[in-house]
Amino acid sequence: NAGVTQTPKFQVLKTGQSMTLQCAQDMNHNSMYWYRQDPGMGLRLIYYSASEGTTDKGEVPNGYNVSRLNKREFSLRLESAAPSQTSVYFCASKYRVDGAFFGQGTRLTVV
Amino acid sequence: KQEVTQIPAALSVPEGENLVLNCSFTDSAIYNLQWFRQDPGKGLTSLLLIQSSQREQTSGRLNASLDKSSGRSTLYIAASQPGDSATYLCAVIEGYGGSQGNLIFGKGTKLSVKP
């Protein structure tokens, strides 16, 4: 039972490069989320998808785009990476108001 | 806007001690509250989910309580062990409006249990 799987686990980018973080869940959950975690700031919501075909901005969406490819997959794209986007990124999924399940995270460094 | 606060930010205790971690939130219109554990460099592991209709939930040495009217939750850890050392995060699950179902996190309590 894989749960929530994120790829890659680690990535180093140069300023201005682009990349896509992948997330897949095998629990048939409706809702999926992308968070970033920074020291002293806690976990902040970037984007979420309440159901297949819908996406909405969270607290810190600037510089990111998302795609809910199907019910299982929710990707996060950085079009032009900036040092301020150095962070640990977590994907999560849940069913309605039930508890959430998190992936193991992607550690991204932008130099 | 919902705000979640966890006190203390860090806590160090000797092995065997019972301890309480606190979580407070500003808007009582929540569905549920979830406690997580995060080990260094790792993801979040769910510990307990308290439904809004419940007042407490137990799992092994862990007991979490919820008082929606006062905007508070506590996580009680009995007979602490060095393996309990981690950061503990609480998250409220929003109840209404466009953000229904979203999790809002506190910044966590970093727990260190000394042998």
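Chain A is the first sequence line, chain B the second, and so forth, proteins listed ahead of strands; every chain is numbered from 1. None of these values were measured; they are calculated from a predicted model.
- Tracing side-chain contacts under 4.5 Å through hydrophobic residues (I, L, V, M, F, W, Y), one never reaches B:Val13 starting from B:Tyr76; they form parts of separate clusters.
- Both B:Leu21 and B:Phe25 are part of a single hydrophobic cluster, where members link through side-chain heavy atoms under 4.5 Å apart.
- Note: the hydrophobic cluster containing A:Val88 does not contain A:Val66 (ILVMFWY, side chain heavy atoms under 4.5 Å, direct or indirect links).
- The hydrophobic clustering, which links ILVMFWY residues whose side-chain heavy atoms are closer than 4.5 Å, places A:Leu45 and A:Tyr64 apart.
- Cluster membership check: A:Ile46 shares its hydrophobic cluster with A:Leu78, using side-chain heavy-atom separations under 4.5 Å among Ile, Leu, Val, Met, Phe, Trp and Tyr.
- For chain B, the option among A:Gly42, A:Gly103, A:Gly40 with the highest count of heavy-atom pairs below 4.5 Å is A:Gly40.
- Counting heavy atoms of neighbouring residues, nucleotides and ligands inside a 6.0 Å radius, atom NZ of A:Lys71 exceeds 12 of them.
- Here the straight-line distance linking atom CG of B:Asn102 with atom OH of A:Tyr33 works out to 4.5 Å at 0.5 Å rounding.
- Side-chain contact check for A:Glu59 versus B:Ile104: every heavy-atom pair is 4.5 Å or farther apart.
- No side-chain heavy atom of B:Lys42 sits under 4.5 Å from any side-chain heavy atom of A:Phe102.
- The 12-atom threshold is not exceeded at CZ of B:Arg55, counting heavy atoms of other residues, nucleotides or ligands nearer than 6.0 Å.
- Expressed to the nearest 0.5 Å, how far CG of B:Leu49 lies from NZ of A:Lys94 amounts to 8.5 Å.
- When all heavy atoms are compared, the tightest approach of B:Ser46 to A:Ala100 is CB-O, 4.4 Å.
- The contact between A:Arg107 and chain B is made entirely by side chain atoms (from C-beta outward), counting heavy-atom distances below 4.5 Å.
- Summarising the geometry, atom CD belonging to B:Gln38 is positioned 4.0 Å from atom CD belonging to A:Gln37; distances are rounded to the nearest 0.5 Å.
- With a 4.5 angstrom heavy-atom cutoff, B:Leu48 does not touch chain A via any of its atoms.
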Output, in order, the C-alpha distance, side-chain angles, deciding distance and verdict of side chain to side chain contact (heavy atoms under 4.5 Å, CB included) for B:Leu44 and A:Leu43. CA-CA 11 Å; B:Leu44 280 70; A:Leu43 279 142; 3.7 Å; yes

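- Atom CZ of B:Phe105 and atom OH of A:Tyr35 lie 5.0 Å apart (nearest 0.5 Å).
- Atom CZ of A:Arg72 has more than 12 heavy atoms from other residues, nucleotides or ligands within 6.0 Å.
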